Amino acid sequence: MVTFTINERELKAEKDQTILQVARDNGIDIPTLCHNEALEPYGACRLCIVEVTKGARTRIVTSCLYPVEEGLKVKTDSPRITSNRKMILELLLARCSKNKVIRELASQMGIEQPSFKPEYLEDNDCIVCGLCVRACEQVVGVSAISLVNRGITKEPAAPFLEPAMDCIGCGSCFYICPTGAIKMEDRKETRIIYNWKVEFKLKKCKVCGNYWAPEKQLDYIKTKWNLPEDFFDTCPTCK
Ligand code: FES
């Protein structure tokens with residue numbers, strides 16, 4: 001165990017815990033966009049920045065990646081952090097000026113409009129946080145998409161911007177996206193994920209007749225867990 005402070009409150013935690021984990025366990029709010037407890041931290045959005053003082057040195061770090069240490073002094077809302085976080089939100093708002101989530105976060109910091117908007121920057125809902133890519137790789141185990149290109153053209157996509165052949169249609173990317181940038185639609189018998197240009201046939205329940213999950217996703221699970229061929233013939237409700 002190590003002892004340290006967050007906003008001058010003395011706390012104890014395991015050495016390998018991150019500042020963000022400990023802060024949340026103790027009811028201290030730090031905003032995040034690219035963090036999800038089911039995934040490895042990535043440090044993309046920078047919204048979770050905090051000020052840490054170790055000995056005579058004070059610096060800004062991302063709390064989702066930085067582990068607590070003995071004697072560390074952490075500040076989550078110092079004037080320097082507030083000003084830097086505002087700048088990060090201005091940048092996000094310049095890219096995603098119509099996005100509800102980003103607008104609300106910016107508004108909480110008193111920013112209603114970005115003070116700049118480069119002409120070359122097209123409006124986008126994607127903040128390139130990589131959550132969709134990481135969920136696909138680390139939770140689903142498929143890696144159907146990755147982050148492609150560089151700079152302002154960086155985006156999640158399937159290889160060569162073609163339809164995502166390895167996608168199983170589970171929709172994890174859609175559910176985990178913090179800004180609603182991934183567009184998925186369930187029609188009667190099919191699921192479409194527009195971002196990856198893919199369409200899946202949904203499985204029909206033998207009992208209630210409802211279409212309930214992509215056949216490709218169910219086949220993937222059956223193979224992975226060595227389940228009987230008829231395991232998914234009925235939907236979870238009828239089971
Ligand atoms: S939550 Fe830490 S960088 Fe995004």
Side-chain angles (χ1 to χ4, degrees), residues 2 4-7 11 13-54 58-69 72-97 99-111 114 121 124-139 145-152 154-156 172-182 195:
V2 291
F4 55 96
T5 63
I6 300 185
N7 300 341
L11 296 167
E14 297 296 334
K15 209 165 70 204
D16 54 355
Q17 285 190 282
T18 63
I19 294 173
L20 180 65
Q21 281 172 331
V22 180
R24 290 196 164 167
D25 287 349
N26 288 280
I28 300 165
D29 183 45
I30 299 176
T32 62
L33 274 170
C34 74
H35 183 72
N36 186 292
E37 278 174 18
L39 304 172
E40 295 289 320
Y42 188 58
C45 73
R46 321 307 282 180
L47 214 56
C48 69
I49 50 168
V50 293
E51 208 171 34
V52 295
T53 304
K54 198 158 105 182
T58 297
R59 61 195 178 116
I60 291 179
V61 299
T62 46
S63 62
C64 66
L65 288 168
Y66 201 91
V68 291
E69 289 174 55
L72 200 68
K73 292 190 178 84
V74 182
K75 286 193 178 150
T76 64
D77 53 6
S78 65
R80 193 172 165 212
I81 288 299
T82 305
S83 138
N84 276 273
R85 203 172 275 146
K86 270 187 172 175
M87 173 52 75
I88 292 163
L89 276 164
E90 283 236 21
L91 292 167
L92 288 171
L93 196 59
R95 179 183 168 95
C96 314
S97 64
N99 187 272
K100 194 165 169 274
V101 175
I102 301 299
R103 289 194 75 90
E104 277 175 11
L105 272 170
S107 176
Q108 284 164 20
M109 300 285 297
I111 308 160
L121 198 58
N124 203 321
D125 281 331
C126 178
I127 58 166
V128 203
C129 67
L131 272 173
C132 54
V133 171
R134 287 180 286 143
C136 189
E137 180 193 347
Q138 295 171 27
V139 178
I145 49 172
S146 60
L147 290 175
V148 302
N149 299 332
R150 288 175 173 212
I152 60 162
K154 191 169 179 178
E155 61 173 339
S172 300
C173 51
F174 166 79
Y175 295 112
I176 207 166
C177 176
T179 57
I182 293 167
N195 300 57

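Small disclaimer: the values here were computed from a predicted structure and weren't measured. Read the numbers this way: they start at 1 and go in the same order the structure lists the ligands and their atoms. One is the number of the first residue; the rest follow in order along the sequence.
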Run the side-chain contact (heavy atoms from CB on, under 4.5 Å) test against C34 and tell me which residues pass, sequence neighbours left out.
A44, C45, C129, R134
Under 4.0 Å between a side-chain nitrogen and a carboxylate oxygen: does that hold for K100 and E104?
yes
Count of protein N, O or S atoms below 2.8 Å from atom 4 (Fe) of ligand 1 equals 2
Give a yes or no answer on whether the side chain of T18 reaches the backbone of P67 with a donor-acceptor pair at less than 3.5 Å.
no
Would you check if the side chain of Q138 reaches a backbone N or O of A135 as a donor-acceptor pair within less than 3.5 Å?
no
N/O donor to acceptor pairs below 3.5 angstrom from side-chain atoms of residues 26-33, sequence neighbours left out:
{"residue": "N26", "atom": "ND2", "partner": "V22", "partner atom": "O", "Å": "2.8"}
{"residue": "T32", "atom": "OG1", "partner": "R24", "partner atom": "NH2", "Å": "2.9"}

List the residues meeting side-chain hydrogen bond (donor to acceptor under 3.5 Å, both in side chains) with N99, not counting sequence neighbours, and say none if there are none.
D125
